[in-house]
Amino acid sequence: MKEMNNPKWVPQLLAWYDVNKRDLPWRDCGDPYKVWVSEVMSQQTRIEAMKPYYDNWMRLFPTLEELAKATEDEVVHAWQGLGYYSRARNLRLGVQDVVNNYGGVVPHNRKDMESLKGVGSYTAGAVLSMAYGEPEVAVDGNVLRIYARLYGIFDDILGTKGKKAITAIVEDTLPHDRPGDFNQALMDFGSAVCIPKTPRCGECPIVNTCYAYQHNVTDQLPVRIKKTKVVDVPIFVGILSYGDYYLLHKRPNRGLLRSMWEFPSVENADSYDAAESGLTELVGALGFGLSLQPVIVKELTHVFSHRKWFMKAFRGDLQYTGDHTSIETIQTQLPKDWMLIKREEFADYAWAGPHGKLTELCPIVE
DNA sequence: AAAGCGGGGTT
DNA sequence: AACCCAGCTTT
């Protein structure tokens with residue numbers, strides 16, 4: 001085994017953790033499934049935001065086997081509102097892999113762990129160290145920030161070079177007697193003391209060995225260079241009803257908010273008239289005529305990581321242009337990615353982000 | 001190496 | 001309005 005460097009800040013951080021650690025339901029439970037779920041839910045997400053989802057998830061899918069049996073629609077529905085829905089789909093696939101090919105036992109080594117869907121370098125290290133006590137690092141945004149400051153790393157921590165440089169130091173400083181506690185100590189420390197904007201150096205237990213503090217460059221570290229451009233997208237939305245039923249569309253099985261339900265919409269239309277003809281064409285292909293009311297009933301803006309929706313919602317009434325027939329018959333004749341449902345059934349489906357907020361414009365049916 | 005993928009709290 | 005969060009996958 002490689003010789004381990006154990007600088008004095010490591011036991012100091014562990015001592016801080018022993019006093020200040022957060023009490024979290026998946027912590028110190030020794031259950032790799034619970035740790036796995038919590039780690040995936042935490043990706044790019046604050047702990048406070050995912051906690052209620054975690055509790056609900058464990059009620060719905062308490063074990064690997066229960067989750068493996070669930071449908072994709074069920075897991076996405078349980079994930080609704082949390083974002084990055086591929087996490088839910090991949091978690092289900094990864095768990096199925098473990099049940100089918102690993103005898104239901106989460107792997108104990110990094111190679112097998114990282115082969116599971118949705119499990120990357122960070123999540124593998126987190127699960128292995130926290131659930132099994134394996135000496136594996138878990139390098140996330142907190143760790144990159146903390147080490148950049150502690151060791152004066154001026155490489156871009158979002159780039160490959162910076163991440164590799166820091167990972168090498170983390171591997172060198174990982175205490176093999178308490179790897180799980182150490183990784184979690186870095187998370188809690190990064191969330192409470194060594195925070196992104198203005199680090200609380202006044203209450204930091206390891207300032208005496210911090211490069212950024214000693215050299216007075218805490219305002220320069222870490223270096224993060226990001227270049228995401230947010231594209232503006234105007235969207236006209238039709239809240240279209242046929243009697244007590246609303247017409248909904250399932251987004252395609254690729255791209256943003258894939259396979260989630262939305263009200264019929266037209267992107268990038270530059271006028272009401274263009275939107276009206278777009279919606280008329282959509283429902284026309286289903287056998288409906290449309291009377292759209294030219295009054296905006298709701299206007300809202302929704303920001304994603306790489307685009308921004310400017311939504312204008314209108315009401316409309318549908319007329320069936322085919323032979324007079326029952327609602328049940330019309331429903332069966334619709335393509336798979338369209339449906340007519342009542343307001344009271346809305347809660348049974350996963351809504352495409354901001355479309356869920358438009359449901360409040362629909363009358364309550366008791 | 002860069003882009004795609006959500007939503008919400010903080011500054 | 002910018003920043004950033006217990007990142008991973010696809011291109």
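Only a predicted model underlies this, so the values are computations on that prediction, with no experimental measurement involved.
The distance from atom CG of A:L240 to atom CZ of A:F288, rounded to the nearest 0.5 Å, is 9.5 Å. Distance SG/A:C194 to CD/A:E203: 11.5 Å, rounded to 0.5 Å.
If you check every strand for non-hydrogen atoms under 4.0 Å, A:G81 touches sugar and phosphate atoms only. Within 4.0 Å of A:L186, counting heavy atoms only, lies no atom of the nucleic acid at all. Nucleic acid contact class of A:S86 (heavy atoms, under 4.0 Å, all strands): none. Within 4.0 Å (heavy atoms only), A:V143 reaches no atom of the nucleic acid at all. As judged by a 4.0 angstrom heavy-atom cut-off over every strand, A:T123 is placed among residues touching the sugar-phosphate backbone only. Among the atoms of the strands shown, base atoms are found under 4.0 Å from some heavy atom of A:R22. Base engagement by A:L24 is indicated by at least one non-hydrogen atom pair under 4.0 Å involving a base atom. When heavy atoms are screened at a 4.0 angstrom cut-off, A:W36 is found touching no nucleic acid atom at all. Within the nucleic acid shown, A:F304 comes within 4.0 Å of sugar-phosphate atoms alone, with no base atom in reach, counting heavy atoms only. If you check every strand for non-hydrogen atoms under 4.0 Å, A:G159 touches nothing.
With C:dA6, C:dC5, B:dG7 as the choices, the nucleotide that has an atom nearest any side-chain atom of A:R145 turns out to be C:dC5. Of the candidate nucleotides C:dT9, C:dC4, B:dG7, C:dC4 has the atom lying nearest to any side-chain atom of A:K226. Checked against C:dA6, B:dG6, C:dC4, the side chain of A:P196 finds its nearest nucleotide in C:dC4. Listed candidates were B:dT11, B:dG6, C:dA6. Nearest to the side chain of A:D188 is C:dA6. Closest approach to the A:L256 side chain among B:dC5, C:dC8, B:dG7 is made by B:dC5 (side chain taken as heavy atoms from C-beta onward). Each of C:dA6, B:dG7, B:dG8 was ranked by its minimum atom distance to the side chain of A:P354; first place goes to B:dG7.
Of the P atoms belonging to C:dA6 and B:dT10, the separation is 12 Å, rounded to the nearest Å. The C1' atoms of B:dG8 and C:dT9 are separated by 23 Å, rounded to the nearest whole Å. Comparing the P positions of C:dT11 and B:dG6 gives an interatomic distance of 15 Å, to the nearest angstrom.
Two rings, from A:F346 and A:W351, have their centers less than 6.0 Å apart.
Contact annotation: A:Y85 side-chain N/O to B:dG7 OP1/OP2 distance is under 4.0 Å. Put simply, A:Q44 has a side-chain N or O that comes within less than 4.0 Å of OP1 or OP2 on C:dG7.
The CE-P distance, from A:M41 to C:dC8, rounds to 16 Å in whole Å. Atom-to-atom, CE of A:M50 to P of C:dA6 comes out at 11 Å; the value is rounded to the nearest Å. In this entry the distance linking CH2 of A:W351 with C1' of B:dG6 reads 18 Å, nearest Å. Between A:Y53 atom OH and B:dG7 atom C1' there is a gap of 9 Å when expressed in whole angstrom units. Taking atom CG of A:L82 as the reference point, atom P of B:dG9 lies 12 Å away to the nearest angstrom. Nucleotide B:dG6 holds its P atom 17 Å from the NE2 atom of A:H77, rounded to whole Å. In this structure, A:M113 places its CE atom 13 Å from C1' of C:dC8, rounding to the nearest Å. Across the protein-nucleic acid pair, A:L91 atom CG and C:dC8 atom C1' stand 13 Å apart, rounded to whole Å.
Heavy-atom distances to DNA chain C give each of A:N142 and A:K308 a nearest nucleotide, and the one nearer the 5′ end belongs to A:K308. Annotation: of the two residues near DNA chain C, A:R87 and A:R46, the 5′-most nearest-nucleotide partner is A:R46. Ranked by how close their nearest DNA chain B nucleotide is to the 5' end, A:T160 and A:H306 are led by A:T160. Along DNA chain B, the nucleotide nearest A:T198 and the nucleotide nearest A:Q43 are compared for position; the residue whose nucleotide lies closer to the 5' end is A:Q43.
Side-chain atoms of A:T167 do not come within 3.5 Å of backbone N or O of A:A165 as any donor-acceptor pair.
Remark: A:K69 engages A:E66 in a salt bridge, criterion side-chain N to carboxylate O under 4.0 Å.
Side-chain atoms of A:R27 and A:Q184 include a donor-acceptor pair closer than 3.5 Å. When only modelled atom types and interatomic distance are considered, A:R343 and A:T359 share no side-chain donor-acceptor pair under 3.5 Å.
Heavy atoms of other residues, nucleotides or ligands lying less than 6.0 angstrom from CD of A:E281 number 12 at most.
Between the side chain of A:R224 and the base of C:dC4, no donor-acceptor pair of N or O atoms lies under 3.5 Å. Judged by distance alone, with hydrogens and angles left aside, A:S305 brings no side-chain donor or acceptor close enough to the base of B:dG7 to form a pair under 3.5 Å.
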